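In what follows, a structure is listed as structure tokens, so that the remarks can point back to it.
Note that the structure is a prediction, hence the values are computed from the model and not measured. A, B, ... follow the sequence lines: proteins, then strands. Residue 1 opens every chain.
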Number of protein chains: 2
Amino acid sequence: MAIDETEIARRMDLFAKACRESGAKRTHQRMEIFREVAQSGDHPDVETVHRRVRKRMPTVSLDTVYRTLWWLKELGLVNTLGPPRERTRFDANLSDHHHFMCTHCGVTWDFNSDALNHLSIAETVQSIGSMETMHLEVKGICHNCTVDKSSPT
Amino acid sequence: MAIDETEIARRMDLFAKACRESGAKRTHQRMEIFREVAQSGDHPDVETVHRRVRKRMPTVSLDTVYRTLWWLKELGLVNTLGPPRERTRFDANLSDHHHFMCTHCGVTWDFNSDALNHLSIAETVQSIGSMETMHLEVKGICHNCTVDKSSPT
DNA sequence: TTTAATGCAAAAGATTTGCAACATG
DNA sequence: CATGTTGCAAATCTTTTGCATTAAA
């Protein structure tokens with residue numbers, strides 16, 4: 001699950017470039033925090049990143065890790081798993097379905113895809129484990145938002 | 001986005017059945033909380049459910065809504081969007097990829113699927129809006145867990 | 001030297017828990 | 001009536017913020 005050295009180097013280059021282009025300072029903390037995520041294959045949460053970075057840089061504070069990770073996400077250098085800065089939401093629709101989430105107004109719409117259901121994803125992932133469920137999350141701009149740029153309630 | 005009356009009734013029946021079979025009490029609060037999720041097409045979060053249920057039942061407390069929603073999830077009557085009871089996690093892998101999450105040990109593995117990438121999901125969702133990104137989340141049991149039932153670190 | 005970024009501590013926000021009162025089966 | 005469930009209030013846990021200090025460019 002460790003990332004290849006060449007790939008880590010490539011990611012660090014991307015980071016340097018993004019700092020230069022955005023005019024942000026390349027501080028020790030930011031480098032170590034990004035390096036930690038860049039070399040982890042295991043999608044760590046904020047606290048895990050903090051714990052690991054502290055081994056090399058014992059004074060780094062938790063709030064800097066929070067600030068830095070969200071800043072990296074803004075720069076497009078990292079992505080988040082799950083809904084970023086959103087609470088868990090509940091759904092009583094138990095049928096097979098997928099979600100389209102509007103990045104503008106936040107509304108989530110259900111949709112179905114026979115084509116996807118017929119794809120044998122179970123076979124694709126059989127080297128990892130046995131599949132129980134699958135769920136496609138699509139992000140984009142919904143028509144309510146493209147048409148009149150106002151958010152529905 | 002409102003759910004069809006027949007479908008709501010069907011869901012309320014499922015609820016009644018699950019209570020009977022699990023020996024749980026069918027209290028007013030539980031009925032109203034489940035009804036609220038069952039009739040909402042918009043995937044509300046805990047606080048939204050609480051706010052809406054309070055209109056009909058002003059004394060219901062927020063902690064009951066929390067307890068009830070997670071209990072409904074345990075019974076399999078509702079699902080959660082996003083990582084249930086988990087914090088946001090970060091990923092520096094910017095290439096197109098998908099995730100397999102082990103429901104036993106919690107580890108998330110990356111995988112690719114050309115077949116999925118070649119599916120024209122953008123067309124499937126064009127009646128909803130314009131797609132920007134898509135991400136498949138597969139859940140199941142990974143081999144580390146099926147083989148020896150111990151969780152890797 | 002100028003400005004942005006950090007660390008600290010406190011605040012704010014979200015979620016959970018213990019327990020007495022209450023409602024359901 | 002016995003037991004599981006609720007509401008309240010407090011506790012806990014997570015995340016954010018204000019501000020003086022520090023470090024990059």
Side-chain angles (χ1 to χ4, degrees), chain A residues 12 15-37 43-75 77-78 80-90, chain B residues 12 15-37 43-75 77-78 80-90:
Chain A
M12 292 308 295
F15 170 79
K17 194 174 156 220
C19 286
R20 231 178 300 125
E21 289 179 358
S22 71
K25 292 180 179 168
R26 232 158 101 260
T27 64
H28 268 183
Q29 287 89 336
R30 285 179 173 172
M31 288 195 59
E32 289 310 313
I33 290 165
F34 179 69
R35 188 197 311 285
E36 188 51 54
V37 182
H43 322 91
D45 64 12
V46 179
E47 198 144 333
T48 303
V49 173
H50 182 228
R51 189 167 2 91
R52 291 179 185 170
V53 169
R54 246 196 319 195
K55 287 184 186 160
R56 284 173 271 137
M57 185 183 253
T59 59
V60 72
S61 70
L62 181 59
D63 56 272
T64 295
V65 179
Y66 271 102
R67 277 189 280 230
T68 303
L69 288 172
W70 289 115
W71 167 78
L72 289 168
K73 165 138 175 117
E74 255 172 49
L75 285 184
L77 289 166
V78 304
T80 48
L81 270 73
R85 279 173 156 156
E86 236 196 48
R87 322 217 200 107
T88 305
R89 306 191 315 165
F90 294 83
Chain B
M12 293 308 296
F15 170 80
K17 194 172 156 220
C19 287
R20 231 178 300 124
E21 288 179 357
S22 72
K25 291 179 180 169
R26 234 158 100 259
T27 65
H28 268 182
Q29 287 90 334
R30 285 178 173 172
M31 288 195 61
E32 289 310 312
I33 290 165
F34 178 70
R35 188 196 311 283
E36 187 52 53
V37 182
H43 323 91
D45 64 12
V46 179
E47 199 144 333
T48 303
V49 173
H50 182 227
R51 189 167 1 94
R52 291 178 184 170
V53 169
R54 247 198 316 196
K55 287 185 188 162
R56 283 173 272 136
M57 185 182 254
T59 59
V60 72
S61 69
L62 182 58
D63 57 89
T64 295
V65 179
Y66 271 102
R67 278 189 279 230
T68 303
L69 287 173
W70 290 116
W71 167 77
L72 288 168
K73 167 139 174 114
E74 254 172 50
L75 285 185
L77 289 166
V78 303
T80 48
L81 270 72
R85 276 172 158 157
E86 235 194 48
R87 323 220 198 106
T88 305
R89 305 191 316 165
F90 294 83

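- The side chain of A:R26 places no N or O atom within less than 4.0 Å of a non-bridging phosphate oxygen (OP1 or OP2) of C:dA4.
- For the pair B:T64 and D:dG7, the criterion of a side-chain N or O lying under 4.0 Å from OP1 or OP2 is met.
- Counting only distance, with no hydrogens or angles, the side chain of B:H50 and the backbone of B:V60 share a donor-acceptor pair below 3.5 Å.
- With DNA chain C read from its 5' end, the first of the two nearest nucleotides for B:A24 and B:D63 is the one closest to B:D63.
- Nearest approach of B:T88 to A:R85, heavy atoms of both residues: OG1-N, 4.3 Å.
- Checking side-chain atoms of B:R26 against main-chain N and O of B:A16 turns up no donor-acceptor pair under 3.5 Å.
- Remark: the backbone N or O of A:K25 is paired with a side-chain donor or acceptor of A:R30 at under 3.5 angstrom.
- With rounding to whole Å, B:H28 atom NE2 is found 10 Å from C:dA23 atom C1'.
- Counting any heavy atom pair closer than 4.0 Å across all strands shown, A:V46 reaches no nucleic acid atom.
- The CD-C1' distance, from B:Q29 to C:dA23, rounds to 9 Å in whole Å.
- Within the structure, every side-chain polar atom (N or O) of A:R67 is placed at least 4.0 Å from both OP1 and OP2 of C:dA5.
- At whole-Å resolution of the value, CZ in A:R30 and C1' in C:dA4 are 8 Å apart.
- Here C:dA5 presents its C1' atom at 15 Å from CG of A:L69, a figure rounded to the nearest Å.
- Atom CG of A:L62 is separated from atom P of C:dA10 by 16 Å (rounded to the nearest Å).
- With rounding to whole Å, A:M31 atom CE is found 13 Å from C:dT6 atom P.
- Not one side-chain nitrogen or oxygen of B:T59 sits closer than 4.0 Å to the OP1 or OP2 atom of D:dT6.
- The phosphate of D:dT16 (OP1 or OP2) has a side-chain N or O of A:W70 nearer than 4.0 angstrom.
- Here the C1' atom of nucleotide D:dG4 and the CH2 atom of B:W71 are 11 Å apart, to the nearest Å.
- Distances shown here put every side-chain N or O of B:Y66 at or beyond 4.0 Å from the OP1 or OP2 atom of C:dT16.
- Scanning both residues, B:Q29 and B:M57, for their nearest heavy atoms gives N-CE, 3.7 Å.
- Listed candidates were D:dA24, C:dT15, D:dT16. Nearest to the side chain of A:K25 is D:dA24.
- At whole-Å resolution of the value, CZ in B:R87 and P in C:dA14 are 16 Å apart.
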